[in-house]
Amino acid sequence: METKRVLLALAALAQESRLAIFRLLVQAGPEGVAATKIGEQLGIPPSSLSFHLKELLHADLVESRQAGRFVIYSANITTMNQMLGFLTENCCGGNPCTPVQVQQCATAG
């Protein structure tokens, strides 16, 4: 992962509401959560939620899809894992260290 993309992702997560949204979506897994439910669960008004989701989309940390009249958001686990890999790539002063456990979410069905 390029440094510029990592900085973009970290900057997007460096805000309380966006970090809460991302953590909620990671917990939800690949099924994702409707935007209205995200706002309800986290107590974020729709106008603010829209802004925060746009920032997370721009950083490629979340993905969206249309499901009827709802927009469903899910965490982009690939980007998250790439960012974690970048951050731990040269850990432990050059000595071998325990690799980061990369979790893959199973899809339903």
Side-chain angles (χ1 to χ4, degrees):
M1 185 174 218
E2 297 175 14
T3 301
K4 186 175 180 176
R5 286 189 60 215
V6 172
L7 291 172
L8 187 63
L10 290 172
L13 293 173
Q15 198 282 337
E16 188 175 355
S17 294
R18 289 193 291 271
L19 182 58
I21 293 166
F22 185 71
R23 292 188 74 204
L24 175 74
L25 294 175
V26 168
Q27 183 179 4
E31 298 81 30
V33 180
T36 54
K37 295 292 182 191
I38 295 169
E40 289 172 7
Q41 289 184 30
L42 299 176
I44 301 173
S47 60
S48 295
L49 181 63
S50 177
F51 170 77
H52 293 308
L53 288 168
K54 178 183 68 74
E55 291 296 311
L56 291 168
L57 281 164
H58 179 68
D60 199 29
L61 287 167
V62 300
E63 300 170 332
S64 66
R65 68 181 186 281
Q66 196 73 36
R69 61 186 190 106
F70 298 101
V71 179
I72 307 297
Y73 289 89
S74 57
N76 186 335
I77 302 300
T78 300
T79 298
M80 180 186 76
N81 286 333
Q82 288 174 348
M83 182 176 61
L84 291 172
F86 178 91
L87 293 172
T88 59
E89 169 175 64
N90 298 312
C91 71
C92 304
N95 297 312
C97 55
T98 307
V100 174
Q101 292 294 327
V102 176
Q103 298 293 323
Q104 295 296 329
C105 295
T107 55

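All residue numbers refer to positions in the sequence shown, counting from 1.
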Measure across [X] and [Y] and return the closest heavy-atom pair with its distance rounded to 0.1 Å.
X: L53; Y: A35; result: CD1-CB, 4.3 Å
X: A9; Y: A59; result: CA-CB, 4.0 Å
X: S74; Y: G29; result: CB-O, 4.1 Å
X: L13; Y: R18; result: CD2-O, 4.4 Å

I need the [X] [atom1] to [Y] [atom2] distance, nearest 0.5 Å.
X: K37; Y: L42; atom1: NZ; atom2: CG; result: 13.0 Å
X: F22; Y: Q15; atom1: CZ; atom2: CD; result: 14.5 Å
X: T78; Y: E63; atom1: OG1; atom2: CD; result: 7.0 Å
X: I77; Y: L61; atom1: CD1; atom2: CG; result: 10.0 Å
X: M1; Y: L7; atom1: CE; atom2: CG; result: 10.0 Å
X: I44; Y: H52; atom1: CD1; atom2: NE2; result: 5.5 Å

| field | Exceeds 12 heavy-atom contacts within 6.0 angstrom, atom CD of Q27 | value |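 Result for CD/Q27: open.
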Taking the side chain as C-beta and beyond, is there a heavy-atom pair between [X] and [Y] under 4.5 Å?
X: L49; Y: I21; value: yes
X: V71; Y: Q66; value: yes
X: L8; Y: K4; value: no

| field | Test item: Q82 side-chain N/O and L84 main-chain N/O as donor-acceptor pair under 3.5 Å | value |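 A pair under 3.5 Å: no.
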